[in-house]
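What follows is a single structure, written as structure tokens, with notes after it.
Heavy-atom basis, side chains included; hydrogens, waters and symmetry copies ignored. Lettering follows sequence order; numbering is per chain, from 1. Just so it is clear, the structure is predicted and the values come from calculations on it, not from any experiment.
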Amino acid sequence: MTVRIATWNINSVTARLPKLLEWLEGARPDVLCLQELKCSTDAFPYNAVAELGYETAAHGTGRWNGVAIVSRLGLEDVVRDLPDQPGFLADDAMLPVVEPRAIGATCGPLRVWSVYVPNGREVGHAHYGYKLQWLETLRDTVREDAAAARPFAVLGDYNIAPTDEDVYDLAAFEGQTHVTEPERAALAALRETGLQDVMPRPLKYDRPYTYWDYRQLCFPKNRGMRIDLTYGNKAFADAVTDAYVDREARKGKGTSDHAPVVTDLDL
DNA sequence: ATGCCGCCAGTTTGGCGA
């Protein structure tokens, strides 16, 4: 069977609902992993998506974060949060908060996680340590599925550019998060479980960026980064027939600052 | 043309994003 799976940081599913529906109708993915819902689990637009033939498992608390898996191949064994997922201790908080950044499900032949890796804010910030700790927990979580025969993938906004080629200008990121050695080492450790970085085609220019800042004409100037990734195990990677970044979805007003990343499989 | 930041909750300004 052929399966189309995608990941998209949608930057508010409520603000982006018309764009989401338009994109689902056009691209017709079988499975879509979403990040940055910015709504509660209850507030997800389940019915609008269901009218297009999709079921949704969502996990959100409101203002920030939030992840979902939208599927027309079924949704089984849904897991919210990574087992032992670390929380973030904000400056003004008494206790760390476990944020809605991960949801897993089985969609027909595929086991999938949709993840929104912490941003890190600044090198040395508590959020940066949290990011690295979160990635270690992700590695522990996926170890078994990554080594298994069933097709498995972790898709999402990793908030890391895996190589120097994945940013438009390395000098612009000197000393910044997203390009540091410890972040890239955490990604390498994740790959060591048996996951491969499924590289999408760019539909224009030479690099498959997935994010362009809203400011300073970054999209028209193609000042982007590749930070939305599809990490698949061997069974998944061997089945890939095509992958691309749908930059059309980044054009115009009212779009997310990220583009969907689409992967086609023949399973 | 792809065009100069946008989302949310709400102290309608500030936190967050990457």
### Query
Do the charged groups of A:R184 and A:E181 touch, with an N to O distance under 4.0 Å?
no
### Message
From CG of A:N9 over to P of B:dA18, roughly how many Å is that when rounded to an integer?
### Response
6 Å
### Task
Scan A:G120 against the nucleic acid and name what it touches under 4.0 Å (heavy atoms): base, sugar-phosphate only, or nothing.
nothing
### Query
Roughly how many Å is it from CD in A:Q216 to C1' in B:dT2, rounded to a whole number?
16 Å
### Query
Does A:Y116 make a side-chain N or O approach to OP1 or OP2 of B:dA18 shorter than 4.0 Å?
yes
### Task
May I ask you to say whether A:R201 pairs ionically with A:D242, meaning some side-chain N is under 4.0 Å from a carboxylate O?
yes
#### Entry: B:dG15 versus B:dT11 - spacing of their C1' atoms, nearest Å
13 Å
### Task
Mind running a 4.0 Å heavy-atom check of residues 157-172 of chain A against DNA chain B and sending the residues that fall below it, in number order?
A:D157, A:N159
### Query
Between B:dT12 and B:dC7, how far is it from one C1' atom to the other, in whole Å?
14 Å
### Message
Taking the basic N atoms (NZ, or NE/NH1/NH2) and the acidic carboxylate oxygens, is any pair closer than 4.0 Å for A:K131 and A:E183?
### Response
yes
### Query
Do the two ring centres, one from A:Y130 and one from A:F88, sit under 6.0 Å apart?
yes
### Query
Between B:dA18, B:dC7, B:dT2, which one does the side chain of A:Y211 approach most closely?
B:dA18
### Message
Looking at A:R150 and A:D145, is any side-chain nitrogen of the basic one under 4.0 Å from a carboxylate oxygen of the acidic one?
### Response
yes
### Which nucleotide in B:dG17, B:dA18, B:dT2 has an atom nearest any side-chain atom of A:I227
B:dA18
### A:H59 vs A:L37, side chain to side chain contact (heavy atoms under 4.5 Å, CB included): CA-CA, chis, key distance, verdict
CA-CA 9 Å; A:H59 182 33; A:L37 302 181; over 6 Å; no
### Task
Please report, rounded to the nearest Å, how far the P atom of B:dG17 is from the CG atom of A:N11.
11 Å
### Message
Distance check needed: B:dA18 C1' versus A:F219 CZ, whole Å only.
### Response
17 Å
#### Entry: SB check A:D264 A:R4 (cutoff 4.0 Å)
yes
### Query
What integer distance in Å separates A:H258:NE2 from B:dC7:P?
13 Å
### Task
Please work out if A:S12 contacts a base, only the sugar-phosphate, or nothing of the nucleic acid, heavy-atom cut-off 4.0 Å.
sugar-phosphate
### Task
To the nearest Å, give me how far apart NZ (A:K221) and C1' (B:dC5) are.
14 Å
### Query
With respect to the phosphate group of B:dG6, does any side-chain polar atom (N or O) of A:R16 fall under 4.0 Å of OP1 or OP2?
no
### Message
Could you walk me through whether A:Y158 and A:Y231 satisfy the ring-ring contact (aromatic ring centres under 6.0 Å, His included) test, starting with their C-alpha distance in whole Å, then the side-chain angles of each, then the deciding distance to 0.1 Å, before giving a yes or no?
### Response
CA-CA 10 Å; A:Y158 282 72; A:Y231 270 27; 5.2 Å; yes
### Span that lies between the C1' atom of B:dG6 and that of B:dA1, in whole angstrom
23 Å
Could I get a table of every N or O pair under 3.5 Å where one atom is in the protein and the other is in nucleotides 11-16 of chain B?
unit_1: B:dG14; atom_1: N2; unit_2: A:R63; atom_2: NH2; d: 2.2

### Message
As a quick check of understanding, evaluate salt bridge (Lys or Arg N to Asp or Glu O under 4.0 Å) for A:D197 and A:R191, giving each step before the final call.
### Response
CA-CA 8 Å; A:D197 185 344; A:R191 289 192 300 270; 5.3 Å; no
### Message
For a quick check of understanding: with a heavy-atom distance under 4.0 Å over all strands, which category does A:R223 fall into, base, sugar-phosphate or nothing?
### Response
nothing
### Message
Using a heavy-atom cut-off of 4.0 Å across all strands, would you classify A:K131 as base, sugar-phosphate, or nothing?
### Response
nothing
### A:I10 CD1 - B:dC7 P separation (whole Å)
12 Å
### Query
Between A:G254 and A:N222, who's closer to the 5' end of DNA chain B by nearest nucleotide?
A:N222
### Query
Of A:H178 and A:T255, whose nearest nucleotide on DNA chain B comes first from the 5' end?
A:T255
### Message
Return the CZ to CD1 distance between A:R226 and A:I160, rounded to the nearest 0.5 Å.
### Response
11.5 Å
#### Entry: Single hit among A:I5, A:D30, A:L75 for side chain to side chain contact (heavy atoms under 4.5 Å, CB included) with A:C107
A:L75
### Message
Closest approach to the side chain of A:A15, judged atom by atom: which nucleotide of B:dT2, B:dC8, B:dG17 is it?
### Response
B:dC8
### Task
Using whole Å, report how far CD of A:E248 lies from C1' of B:dT2.
9 Å
### Euclidean distance for C1', B:dG14 against B:dG10 (whole angstrom)
10 Å
### Query
The side chain of A:L217 lies closest to which of these nucleotides: B:dC7, B:dG17, B:dC4?
B:dC4
### Pairwise P distance for B:dT13 and B:dG3, with rounding to whole Å
28 Å
